[in-house]
Amino acid sequence: MTGTLFTNISQLVTPLPGVQRGAAMRELTVIPDAALLVSGGVIRWVGPRSEAPATGAEHDLGGVAVVPGLVDPHTHAVWAGDRLADFEARVQGVPYEEILARGGGIRSSMRATGAATVEELVRLARPRLQALRASGATTIEVKSGYGLDFAAEIRMLEAVHQLQAEFGLIPTLLIHVPPTEGRSEYVEAVCHDLIPAVAKKGVASAVDVFCEREAFTIQETRAILMAAKAHGLDIKLHADQFHAIGGTELACELGALSVDHLEASGPAQIAALAGSTTVATILPGVTLHLGLPAAPGRALIDAGAAVAVGTDLNPGSSPLFSTQFALALAVRLCRLTPAESLTACTVNAAAALGLNDVGALAPGHDANFLALHSADWRELPYVLGGNPVRDVWVSGRRV
């Protein structure tokens with residue numbers, strides 16, 4: 001058989017392919033003294049080294065553990081400006097409303113991002129994506145949402161499109177914050193102008209809406225998501241970050257790929273997710289940075305839901321540049337087991353993006369995998385502050 005046989009793997013550890021729900025999130029395949037055959041950027045065979053097929057090329061990985069490349073299903077990696085003044089004010093106890101009145105908050109990011117060119121946005125985003133990849137992320141979702149005006153939103157998506165030549169990126173159009181005036185006209189224009197334009201350009205695969213008291217109502221969110229579906233785009237929601245106003249239930253009703261945040265979710269929302277196909281994406285970096293209650297990851301899994309984990313990398317609420325660290329935080333803050341955290345950051349995160357060919361080490365999947373520094377895969381959820389990832393391989397090539 002042709003291809004490259006990767007050998008001297010102390011442990012090859014992977015969840016089963018496809019979305020995993022409830023207790024199945026703890027079921028990992030662990031193969032000691034393993035080998036992995038890659039050809040044409042795709043995994044062709046996985047198993048014990050003693051049973052490996054004969055091949056012309058062999059690559060010794062040095063006796064370390066190998067896991068699938070991580071999938072980060074929720075980032076806002078394209079932005080301009082900073083929120084350092086906001087951070088300093090917030091830790092001194094200044095209310096967010098006052099920060100907004102001073103010209104800070106999310107609208108400061110919108111002003112800076114809206115004024116940036118595509119080239120500037122690409123230059124600013126590249127090192128952020130490099131950091132995520134170095135932490136183990138081989139597939140990364142990137143949202144727009146800091147543009148407000150439609151031209152700026154499309155520039156953000158065009159920046160993501162340019163960066164796709166360097167990284168495995170999934171672009172999402174995020175309808176993030178309503179304008180201070182002309183709200184109903186804005187929603188109508190999003191449905192009739194922005195979404196059709198984005199679909200025609202092919203610069204986004206999904207539409208996400210921030211459904212919150214301070215953002216879009218259930219009725220507005222439904223209208224936007226229905227427009228997205230009408231134009232062949234997948235749908236996602238930010239919901240239950242501060243208040244449970246029905247966004248999670250709407251996501252489940254409409255068959256959204258995922259509903260993200262969930263810090264304010266209670267028994268009704270947990271039950272809805274457990275009975276749906278929608279992935280529950282939790283974002284522990286927000287809990288760490290803002291001091292919010294942690295999303296109920298343990299309760300979601302125990303109820304039978306499919307849980308994913310992302311960084312929510314953004315300048316305001318989660319300046320978290322490591323997908324591995326998000327995985328480790330999910331264990332500490334959201335009470336996932338190490339096995340569940342690996343599943344949440346691989347196959348379930350892939351399902352949250354509508355992908356079925358990444359996230360597992362199985363024949364037919366993209367050959368995206370990580371060689372750790374350790375012979376034991378549990379270093380991945382254990383380490384805080386350092387990087388347990390030695391090498392990142394994408395489509396069978398070290399990057």
Side-chain angles (χ1 to χ4, degrees), residues 1-18 20 26-72 130 132-140 166-168 322-324 327-328 338-350 355-383 386-399:
M1 188 178 293
T2 60
T4 299
L5 187 69
F6 293 86
T7 62
N8 200 6
I9 300 170
S10 64
Q11 299 174 321
L12 186 146
V13 181
T14 180
L16 294 173
Q20 303 298 313
R26 295 191 285 276
E27 301 300 321
L28 300 179
T29 298
V30 181
I31 305 173
D33 191 18
L36 177 72
L37 179 65
V38 174
S39 176
V42 175
I43 297 170
R44 305 299 178 182
W45 178 89
V46 176
R49 177 163 53 167
S50 60
E51 300 174 12
T55 184
E58 188 171 316
H59 187 101
D60 187 325
L61 286 174
V64 298
V66 167
V67 299
L70 305 182
V71 178
D72 196 329
Q130 289 170 335
L132 290 174
R133 186 167 65 187
S135 78
T138 54
T139 303
I140 303 166
E166 304 171 48
F167 305 92
S322 169
T323 307
Q324 175 274 330
L327 183 156
E340 290 165 347
S341 71
L342 182 63
T343 299
C345 283
T346 53
V347 290
N348 281 8
L355 303 176
N356 57 19
D357 56 357
V358 297
L361 300 179
H365 277 55
D366 288 354
N368 300 343
F369 59 92
L370 311 178
L372 306 184
H373 286 289
S374 172
D376 192 320
W377 81 271
R378 292 173 296 181
E379 287 282 324
L380 193 68
Y382 174 74
V383 168
N387 187 0
V389 177
R390 189 192 73 189
D391 299 318
V392 178
W393 296 77
V394 176
S395 298
R397 304 183 73 172
R398 187 163 51 196
V399 295

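The first residue of the sequence shown is numbered 1, and numbering continues consecutively from there. For the numbers below, each heavy atom of this structure counts, side chains included, while hydrogens, waters and symmetry mates do not. Just so it is clear, the structure is predicted and the values come from calculations on it, not from any experiment.
- Ring planes of Trp393 and His59: perpendicular class, angle over 60° (limits at 30 and 60°).
- In this structure, the separation between CZ on Arg133 and CG on Leu370 is 12.0 Å, given to the nearest 0.5 Å.
- Listed here is the closest heavy atom pair of Pro53 and Leu5: O-CD2, 4.1 Å.
- The side-chain heavy atoms of Val67 and Leu380, taken from C-beta on, include a pair separated by under 4.5 Å.
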Criterion side chain to side chain contact (heavy atoms under 4.5 Å, CB included) on Thr29 and Val13, from CA distance to verdict: CA-CA 6 Å; Thr29 298; Val13 181; over 6 Å; no
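- Atoms CD and CD, from Gln20 and Glu340 in turn, are 11.5 Å apart once rounded to the nearest 0.5 Å.
- Applying the salt bridge (charged side-chain N to carboxylate O under 4.0 Å, His left out) definition to pairs two or more places apart or across chains, those involving residues 359-378 are Asp376-Arg378.
- The shortest side-chain heavy-atom distance between Pro338 and Trp377 falls under the 4.5 Å cut-off.
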Test log, rule side chain to side chain contact (heavy atoms under 4.5 Å, CB included), inputs Thr4 and Leu37: CA-CA 6 Å; Thr4 299; Leu37 179 65; 5.8 Å; no
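- Of the candidates Val66, Ile43, Val392, Thr138, Phe369 forms a side-chain contact (heavy atoms from CB on, under 4.5 Å) with just one, namely Val66.
- When each of Leu36, Ile9, Val38 is tested with Val46 by the rule side-chain contact (heavy atoms from CB on, under 4.5 Å), just one qualifies, namely Leu36.
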Stepwise side chain to side chain contact (heavy atoms under 4.5 Å, CB included) test for Gln11 and Ile31: CA-CA 6 Å; Gln11 299 174 321; Ile31 305 173; over 6 Å; no
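- For Thr323 (side chain) and Asp72 (main-chain N/O), no donor-acceptor pair under 3.5 Å exists by modelled atom type.
- Nearest heavy atom pair, residue Ala362 against residue Pro17, reads CB-CG, 3.7 Å.
- The closest side-chain heavy-atom distance from Thr343 to Leu28 is below 4.5 Å.
- Listed by first then second residue, pairs satisfying salt bridge (charged side-chain N to carboxylate O under 4.0 Å, His left out) with a partner in residues 55-64 number zero, not counting sequence neighbours.
- In terms of modelled atom types and a separation under 3.5 Å, the side chain of Gln324 and the main chain of Ser135 share no donor-acceptor contact.
- Between Asn368 and Thr139, some side-chain heavy-atom pair lies under the 4.5 Å cut-off.
- Atom CG in Leu132 sits 4.5 Å away from atom CD1 in Ile140 (nearest 0.5 Å).
- Closest heavy-atom contact between Ala371 and Val64: CB-CG2, 4.0 Å.
- To the nearest 0.5 Å, atoms CG (Asp357) and NE2 (His365) are separated by 6.5 Å.
- Between the side chain of Arg44 and the main chain of Ser39, a donor-acceptor pair closer than 3.5 Å is present.
- Contact annotation: the side chain of Arg390 approaches that of Leu61 to within less than 4.5 Å [non-hydrogen atoms, C-beta and beyond].
- By the 4.5 Å heavy-atom criterion applied to side chains, Pro15 and Glu27 are not counted as neighbours.
- The SG atom of Cys345 sits 6.0 Å away from the CG atom of Leu70 when rounded to the nearest 0.5 Å.
- Judged by distance alone, the side chain of Asn387 and the main-chain N or O of Ala134 form a donor-acceptor pair under 3.5 Å.
- In terms of heavy atoms, Ser10 sits closest to Ala375 at OG-O, 2.7 Å.
- From Arg49, atom CZ reaches atom CG of Leu12 across 12.5 Å, with rounding to the nearest 0.5 Å.
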